[in-house]
Amino acid sequence: MSDKTMKIVLSVLTAILLVLIVCLFATKDGSSRVDLNKLALRVGELRQYKTMSRSDVNGAMEKAFARIGYNVVTSTEDNLYPATSQDAGVNFYVRGYNPYNELKTNKKAVNILYLRDYDALFPEEMDSYDGIATSSRDFYNYVMGAGYAGVYLPEFTDPSVFYPAVNDSINIDLLYVGDNNRHSVAIASAMDAELPVEIYGRFWQGNIDDKFIKGEYIHDNDLKTYFSSAKINLVNVSQRESAIGIIPSRVFDIAASKGFMIAPYNKEIEAVFGDAIPMYKDAQELKALYEQYINDAEARQAKAEAAYKIAVAEYNVDAFVQRLNGLVEFLIVEKKL
């Protein structure tokens with residue numbers, strides 16, 4: 001082989017070697033390329049978030065992310081990392097009450113955890129993410145004080161689903177919509193106060209006098225009509241939610257339907273809605289509020305109107321997504337993506 005041919009062969013081999021080296025580094029950790037316009041919505045707790053009234057929430061997020069330009073791929077923990085999401089530049093982990101069985105964050109992408117109840121979150125788990133989003137103001141303050149990147153991300157309503165839709169044929173004085181899957185402060189107080197509450201939800205039969213149970217289910221398409229039409233909506237806020245400052249999404253849904261509601265005392269509801277949502281601390285206070293408002297349509301309407309304006313203006317799904325996207329943009333700069 002001549003010297004000239006040898007040089008050509010060596011040059012070709014060197015070029016091939018360089019290409020292989022570049023490919024090796026590019027594919028390291030499976031994160032060679034990411035699309036910052038693709039968002040993977042990775043939903044944990046399949047049972048809780050897909051089959052227990054959370055699918056409407058996830059669907060609303062999908063549409064809102066798409067409205068600001070994201071290509072959204074949704075997966076649940078039964079298949080958390082489908083091939084279609086491998087190049088996602090933004091990974092939004094919606095966590096349930098237990099850690100993910102498998103967690104594979106992409107170092108070349110933005111990885112954000114969204115959490116409601118933070119007692120189940122461990123520091124080593126937090127360190128796996130670039131940012132923490134939480135609907136608890138208390139936990140948000142902790143996140144920021146501990147030096148993590150975070151965003152306060154209250155729950156939301158979808159005004160395209162929940163809006164005023166009064167039906168005069170629905171004649172309900174006190175409406176409660178919710179399953180008996182955990183202790184309900186609201187129902188316990190209503191029973192103690194001997195109020196004529198009408199309950200729609202599962203698992204109540206055999207645990208409460210059947211006269212209060214009116215059905216197991218109200219179709220999602222009809223919820224706004226019931227919320228709008230009932231004289232008083234009785235909202236369940238758990239003791240845990242009240243303690244850590246979480247407003248359940250159902251509060252925003254009722255407000256967006258321009259329904260009047262009464263809730264167990266919650267410091268965050270008070271901070272957000274002021275006196276637009278009357279609250280009580282015991283059965284006697286609940287009974288007094290019921291008697292005060294049941295025959296005062298004008299007062300109910302005024303408070304419902306005030307809560308409606310707050311919910312639809314500040315706590316809609318698009319505001320939720322914009323708040324999150326602010327953290328995404330910050331992290332893109334921080335990680336130099």
Side-chain angles (χ1 to χ4, degrees), residues 157 162-180 183-201 204-205 207-219 222-239 241-242 247-312:
T157 187
F162 295 97
Y163 50 84
V166 176
N167 183 339
D168 292 332
S169 68
I170 297 176
N171 186 23
I172 299 176
D173 285 345
L174 185 62
L175 172 66
Y176 179 89
V177 179
D179 294 337
N180 184 28
H183 175 68
S184 171
V185 175
I187 291 300
S189 297
M191 293 298 100
D192 288 345
E194 300 181 341
L195 298 179
V197 61
E198 298 188 23
I199 300 172
Y200 287 84
W204 289 103
Q205 203 161 22
N207 295 295
I208 200 169
D209 192 322
D210 285 353
K211 71 179 183 180
F212 297 108
I213 304 171
K214 303 304 177 182
E216 288 194 345
Y217 184 73
I218 297 176
H219 194 279
D222 298 326
L223 275 172
K224 61 181 177 296
T225 304
Y226 277 80
F227 293 153
S228 298
S229 305
K231 290 181 181 178
I232 300 175
N233 289 277
L234 184 60
V235 180
N236 186 50
V237 181
S238 73
Q239 292 172 315
E241 288 167 334
S242 294
I247 302 177
S249 59
R250 195 57 83 198
V251 170
F252 297 117
D253 294 341
I254 295 172
S257 304
K258 207 176 283 190
F260 172 75
M261 74 189 97
I262 297 176
Y265 180 77
N266 178 297
K267 61 184 179 182
E268 196 63 22
I269 291 177
E270 184 176 56
V272 168
F273 289 99
D275 65 355
I277 300 178
M279 292 182 287
Y280 59 91
K281 294 182 178 178
D282 54 40
Q284 289 70 34
E285 289 187 4
L286 172 59
K287 186 172 185 177
L289 288 173
Y290 175 83
E291 292 174 346
Q292 176 182 349
Y293 288 104
I294 191 60
N295 294 314
D296 193 342
E298 186 176 343
R300 295 198 308 266
Q301 183 177 357
K303 290 191 177 294
E305 181 72 32
Y308 168 79
K309 290 179 179 178
I310 293 168
V312 298

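Note that the coordinates shown come from a computational prediction; the quantities given were computed from them, not determined experimentally. All residue numbers refer to positions in the sequence shown, counting from 1.
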Minimum side-chain heavy-atom gap [X]-[Y] below 4.5 Å:
X: Lys287; Y: Tyr280; answer: no
X: Ile187; Y: Phe212; answer: no
X: Lys303; Y: Ile277; answer: no
X: Leu223; Y: Asp253; answer: no

Could you tell me which non-hydrogen atom of [X] sits nearest to which non-hydrogen atom of [Y], and how far apart they are?
X: Ala304; Y: Phe260; value: CB-N, 3.9 Å
X: Arg250; Y: Phe162; value: NH1-CZ, 3.5 Å
X: Pro164; Y: Ser228; value: CA-OG, 3.6 Å
X: Ile208; Y: Met191; value: CD1-SD, 3.7 Å
X: Ala307; Y: Ala255; value: O-CB, 3.8 Å
X: Thr225; Y: Ser229; value: O-OG, 2.6 Å

Is the number of heavy atoms from other residues, nucleotides or ligands within 6.0 Å of CD (Gln292) greater than 12?
-> yes
Taking side chain to side chain donor-acceptor pair (under 3.5 Å) as the test, write out the residues that go with [X], two or more places apart.
X: Glu305; answer: Lys258
X: Glu268; answer: Arg137, Tyr152
X: Glu241; answer: Arg116, Ser238

Are side-chain N/O atoms of Ser184 and Asn236 paired as donor and acceptor at under 3.5 Å?
-> yes
Atom [atom1] in [X], atom [atom2] in [Y]: separation rounded to 0.5 Å?
X: Lys214; Y: Trp204; atom1: NZ; atom2: CH2; value: 14.5 Å
X: Leu286; Y: Glu291; atom1: CG; atom2: CD; value: 9.5 Å
X: Asp275; Y: Glu270; atom1: CG; atom2: CD; value: 9.5 Å
X: Asp173; Y: Leu234; atom1: CG; atom2: CG; value: 12.5 Å
X: Leu289; Y: Met279; atom1: CG; atom2: CE; value: 10.0 Å
X: Ile254; Y: Asn233; atom1: CD1; atom2: CG; value: 4.5 Å

Return yes if some donor-acceptor pair links the side-chain N/O of Arg300 with the main-chain N/O of Ile232 below 3.5 Å, else return no.
->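 Checking the backbone N and O of Ile232 against the side chain of Arg300, no donor-acceptor pair under 3.5 Å is found.
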Which is it for Val185 and Val237 under the side-chain contact (heavy atoms from CB on, under 4.5 Å) test, yes or no, and what are the steps along the way?
-> CA-CA 7 Å; Val185 175; Val237 181; over 6 Å; no
Out of Phe227, Tyr226, Tyr176, which one pairs with Tyr200 under the ring-ring contact (aromatic ring centres under 6.0 Å, His included) rule?
->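 Of the listed options, the one satisfying the test is Tyr226.
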